[in-house]
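To keep things clear, I will list the structure first and then write my remarks on it.
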Amino acid sequence: MCHSHEWREWAGWLAASTYEHSHEREYYAIRNGVALIDVSPLFKYEVRGPDAVRLVNRVMTRDIGKCQVGRVMYTPWCDDDGKMIEDGTVARLADDHLRVTAAERSLRWFEDCGYGLDASVDEVTEELAALAVQGPNSRALLQELMPHAGLDKLSYFRLTKGKIDGFEVTVTRTGYTGDLGYELWTPIANAPQLWDSLMDKGNGYGATPTGIVALDIARIEAGLLLIDVDFFSSHKTLIEAQKSSPLELGLGWAVRFDKGDYVGRQALLDEEERGSEWALMGVEVDWVHLERLFDEVDLPPRVAGRASRSAVPLYKEREQIGQVTSHTFSPILKKYIGLASLRSLYARPGNQVEMEVTIEYSRQRARATLVKPPFFDPRRKKE
Amino acid sequence: MSMPEKYDAILIGAGHNGLVTAALLARAGLSVLVLEQRKSLGGAAATEEIFAGFRVNTGADDAGLLHPEVLRHLDLERQGLQFVESPVLAFAPQPDGPPLTLWRDPAKSSSEIARHCDDDARRFPEYCRLVQRLSALLQGMMTLTPPRLHKTSLAEAYPWMKLALKVKGLGKRDMMEFLRLLPMPVYDFLQERFKSPLLQGVLGSAGVSGIRFGPRAAGTTFLLLYHSLNGGAPAGRASRFVRGGMGRLSHVLAEAAAKCGAEIRTESSVSRILVDDQGRAAGVALATGEELPARSIVSNADPRRTLMDLLGPARLQPRMMRRAGNIRLRGTTAKLLLALDSLPRFQNAPPGDDHLKGHILIAPSLDYLERASDDAKYGRISRRPILDAVIPTLTDPSLAPAGKHILSVTAQHAPYSLKEGSWEEQAPELADLIIGTLAQYAPGLQESVLHQRILTPLDWERDYGLSEGSIHQGEMGLDQMLFMRPMAGCGQYRSPVKGLYLCGAGTHPGGGVTGAPGFNAAREILKDRKRRGDNRRGV
């Protein structure tokens, strides 16, 4: 099925970079049709027991106590010093049962944080398949497969359960594309059947197997962060400067101070009072200026078709003020965009900055404007 | 709901350190409540009438480590505290050979040592001077708050710089010797100096007192110096006792605290430390369910128990929680308390009973000490235990009915975690083993026993609240000293939770009846109050 034979390592698994030779059709499936993305390599943990909510709430910066049964929350989590370990989603499956997704192995951390609490943490990464069904047609396709699951009423970041071909599937209205979309969770044995059913029924909806390359473009458009690219887990950094706090990464909305103590709270509170040194912003490159830079060496403007994960410096009047950690040409916006970590002093929407571009082996600075992400935020995402 | 009165400080535990803190805080004008779970005050510095007519030191016997600054500050001697000093510091009998007696007077000791080895006798005075000089430096550190490693302020560092100058003032040779000796195994330290196995064993036993390591472990010389404070240099113990029993010290401290308004409640067991929404310690809950609010909570309980049991791991950030869970306790000490009909008669003992007034030591050689710890290493009671016995009734006959005596024996090693069996079943066997061992040196001892009680590490834990029966509230290894006591990031009497302080032996400088942890903790608590401007009572 993976015609490109192009794979990428993802948490110890191989994931298709693109299924076809070019990622383009896959990208447009996310934005115009429906993309099927195998996200099973996500680490998955189930937390059960009378103190399950307390345990998860102790780890997370958001108030998981407010996560009612049937709700899903996106949340970062931090170390003792309020530095980001990573982020993921928490799904409240029952009063005493939550499921947490993570990009990195987290069992030891969760267990450590839960020491002394009456709750168990089990890793179910290899037991549970996860399939992202993303794109404007995703709801219609899923409704056809599971007409009784009430998907028409399922709000953003809510979950429901239903059956496909007789086996149970948990559906969460979540995703990493910033579009209308769902993620399906089912025991791994059901995964091939689930995939086939979606592909069978998906013909008329433009269902397309989609790889990581297309997903990477979509997530930058949606302003979503990628670990090891836009930030680094504080458990893996080599120096202090490589760590960042959720407040520095534009995730202040997901950090609560009114929910009681949790890991990193005091440090985050101190930072909140002090003001963060860094901030995360979107960058929109001035295409006309970029064109002019290319023109100076008699070239037409050319940017990579894929998202770049190598950071480039960001300048303000010759001073480096930060770096653009992910950047891509957005096919749907027809803009060159990026996510940047920069000194908070400069982090104002509309601020004119310069991003380094390499043209004919020569480093240039292309004019750019700071914007507040997301770059692409269709109403259908939440409707 | 009517709120009970909010105390400025609630102390958990009326051990001697807790009482020192309570007295100092109360004297500074704070409203203080001390909660003690046991019936008697003093924790491991208590005197209890466990046999009718016999008032027995159930924990520590020797008050020689009590810091002079604590004494002076609280003016304890004027309040009725009296010490009795034994002329003999240590007496080490042998089953078939001459015993060794170490006197307070080094010259007298030298002539005793000469009976065992002439060279040793010649070197002994120099040894005493060295140990005295070096332990005097430790003495200076005991009442200083260890500096933080990362953000040491000038104010914090200043007293240590003064001390560093003192170390420098020792002269180059002594300074080098000091730095060389601190981490050194006491085995090598003594091998370098003496030949007599008995002398080595007696001195070396101070280096392994209360720890599970043997004399070949690093850092044991440090412990020898620690126990040689206040004139204890010639034997590694000071043989200074409190008239009326160790519990008298606790009572004098309690009276000093009460005089300044501190309230002391015994048989009040704290089950939880309460924390408010802001993550600040706000009070305690008693086992009865009663909740008592306070501005500061000061725990004399050991750090593990305070942080992991009373506060709860979920109140700590993971790093601190891991550290608190990893504090090495490993209680290894048992105590056998005997009421005797007559004094024990040791073989080849000199006439009179002076030799029995200090510590009676069964520590015949360094190898004996090492083998005793070998057993403990593998979870066994030492087949040949190290014994440190005291007969307090010789220096203070008021403790027992006329003509009767108390023999208080500290035995090592009795590891908290037994590889086989439980302490419930092993306790009587241990008592027999200790009596049997002593009887090899003092035949007929069994016949004079009127009553006996054995305290195992499990008893220390259950009855005295010392986790794993660690009498020092955390093993006195080099890695658990100074700013690393009880654990890194927590070395200044402040727990990771605001408003919660530690004041017990688990904090710097460590175990023994020194009063120093309690003294230092009080200073830090008052400093914090001043910083907060919380000064209404005119401290």
Side-chain angles (χ1 to χ4, degrees), chain A residues 47 49-61 63-65 77-86 106-121 233-235 237 240 243 245 255-274, chain B residues 148-151 270-283 285 297 299 301-327 329 467-468 484 486-492 494-501 528 531-532:
Chain A
V47 186
D51 284 339
V53 172
R54 263 184 84 192
L55 189 155
V56 179
N57 214 6
R58 179 165 152 64
V59 177
M60 306 301 175
T61 59
D63 189 354
I64 304 303
W77 59 91
C78 293
D79 64 13
D80 308 45
D81 305 319
K83 298 297 183 188
M84 188 104 160
I85 295 172
E86 57 158 311
S106 307
L107 185 64
R108 180 176 176 227
W109 182 250
F110 292 161
E111 283 187 338
D112 267 14
C113 294
Y115 185 86
L117 294 177
D118 189 5
S120 64
V121 184
S233 169
S234 77
H235 283 170
T237 51
E240 218 40 42
K243 297 178 182 176
S245 84
V255 176
R256 299 306 303 239
F257 294 114
D258 56 356
K259 64 165 214 171
D261 196 32
Y262 57 89
V263 179
R265 179 181 182 272
Q266 191 56 50
L268 288 165
L269 194 59
D270 292 347
E271 185 186 326
E272 171 96 344
E273 280 165 12
R274 200 172 55 231
Chain B
R148 286 171 297 183
L149 217 45
H150 289 303
K151 19 184 186 179
V270 172
S271 62
R272 239 165 356 110
I273 294 167
L274 305 172
V275 176
D276 68 14
D277 295 343
Q278 303 305 307
R280 206 190 137 83
I297 308 298
S299 178
D302 70 81
R304 164 93 67 87
R305 179 145 187 252
T306 304
L307 298 175
M308 298 300 269
D309 300 343
L310 297 176
L311 183 69
R315 292 287 185 194
L316 294 171
Q317 296 284 306
R319 189 188 302 137
M320 284 301 177
M321 182 201 76
R322 265 188 228 133
R323 285 182 193 165
N326 285 339
I327 295 172
L329 296 157
S467 300
E468 290 186 23
M484 291 172 295
M487 56 199 199
C490 195
Q492 298 196 309
R494 294 167 187 86
S495 82
V497 169
K498 276 196 191 125
L500 174 63
Y501 299 85
D528 281 359
R531 213 170 281 159
R532 286 202 312 271

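Remember, it's a predicted structure, so these values are computed and weren't measured experimentally. The sequence lines fix the lettering, A, B, ..., with proteins before strands; numbering per chain opens at 1.
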Structural part of A:Phe257 lying under 4.5 Å from a heavy atom of chain B: neither
N-O pairing of B:Arg315 and A:Asp261 below 4.0 Å: no
Exercise: identify the closest heavy-atom pair between A:Cys113 and B:Pro318: SG-CG, 3.7 Å
B:Lys498 side chain near A:Gln266 side chain, heavy-atom distance below 4.5 Å: yes
Minimum heavy-atom distance B:Ala314-A:Arg58, with the two atoms named: O-NH1, 2.9 Å
Part of B:Met320 lying under 4.5 Å from any heavy atom of chain A: backbone
B:Arg280 atom CZ: more than 12 heavy-atom contacts under 6.0 Å: yes
Residues A:Asp79 and B:Arg319 bridged, charged N to O under 4.0 Å: no
B:Arg322 side chain near A:Tyr115 side chain, heavy-atom distance below 4.5 Å: no
Flag, side chain of B:Gln317 to backbone of A:Asp81, donor-acceptor distance under 3.5 Å: no
